[in-house]
Amino acid sequence: MGDSYDFFDGEYNVRLVKLDSETGVPDDSEPQHAVLAITSSHPNPFGHATSIHYQLPVAGELTVEIYDLCGRRVRTLLTGQCPAGSHETVWDGRDQTGAPLAAGVYFCRLQGGSQSASTKLVVVR
């Protein structure tokens, strides 16, 4: 009866809550599902660097990676233990060796436990 779902599209946060049919208020007796999410990336498009903001529902192992359009991993920004909460990491538009990547579309992928989230990033030069 008290299910809720969070949706994050990089710009807006939307929460859908199922209300109790008798009282018309949320039923908090059931646990809500915690979601790993990228909450924003800005600026995007970017020329020099972008800040990637994300929410980790529980502490644990986290990997933040950048992929090109062909699905090749071009950079690992973070890997290791991370506490629950809101975090930020910065990508400077460079690959793993430090070379600047070409202008184009890339994807940031977060992987934490059994959950993952991704967002599109656009590099302009």
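Remark: S51 engages E88 in a side chain to side chain donor-acceptor pair (under 3.5 Å) (not counting sequence neighbours). In this structure R125 satisfies the salt bridge (charged side-chain N to carboxylate O under 4.0 Å, His left out) test with no other residue, sequence neighbours excluded. With sequence neighbours excluded, no residue forms a side chain to side chain donor-acceptor pair (under 3.5 Å) with Q115. For Q96, there are no side chain to side chain donor-acceptor pair (under 3.5 Å) partners at least two apart in sequence or on another chain. Legend: residues meeting side chain to side chain contact (heavy atoms under 4.5 Å, CB included) with S114, ordered by chain and number and at least two apart, are absent. L78 is linked by a side chain to side chain contact (heavy atoms under 4.5 Å, CB included) to Y54, L62, V64, counting only residues two or more places apart in sequence or in another chain. Checked against side chain to side chain donor-acceptor pair (under 3.5 Å), R109 has the following partners two or more places apart in sequence or in another chain: Q111. Annotation: ring pair (Phe, Tyr, Trp, His ring centres under 6.0 Å) contacts of H42 (sequence neighbours excluded): H53. Scanning for side chain to side chain contact (heavy atoms under 4.5 Å, CB included) contacts around D68 gives C70, R72, V74, Y106, with sequence neighbours left out.
Interatomic distance, L110 CG to T119 OG1, rounded to the nearest 0.5 Å: 9.5 Å. Atom CG of residue N44 and atom OG1 of residue T50 lie 5.5 Å apart, to the nearest 0.5 angstrom.
Contacts classified as salt bridge (charged side-chain N to carboxylate O under 4.0 Å, His left out) and involving residues 75-84 (residues at least two apart or in different chains) are given here: R75-D92. Residue pairs meeting the salt bridge (charged side-chain N to carboxylate O under 4.0 Å, His left out) criterion with at least one member in residues 40-67, sequence neighbours excluded, are E65-R73.
Taking Ile, Leu, Val, Met, Phe, Trp and Tyr as members and joining any whose side-chain heavy atoms lie under 4.5 Å apart, directly or through other members, the hydrophobic cluster of L69 also contains V105, F107, V122, V124.
Using modelled atom types, no side-chain atom of T89 and backbone atom of I52 make a donor-acceptor pair closer than 3.5 Å.
The shortest heavy-atom contact between L121 and C108 is CD1-CB, 3.8 Å. The heavy-atom pair separating L36 from A117 by the smallest distance is O-CB, 3.9 Å.
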Passes side chain to side chain contact (heavy atoms under 4.5 Å, CB included), H87 versus L56? Steps please.
CA-CA 8 Å; H87 302 278; L56 189 61; 4.3 Å; yes
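A donor and an acceptor atom, one from each side chain of T39 and Q55, are nowhere located under 3.5 Å apart.
Counting heavy atoms from C-beta on, the side chains of V35 and P57 never come closer than 4.5 Å.
Under the 4.5 Å side-chain heavy-atom criterion for Ile, Leu, Val, Met, Phe, Trp and Tyr, Y67 and I38 are members of distinct hydrophobic clusters.
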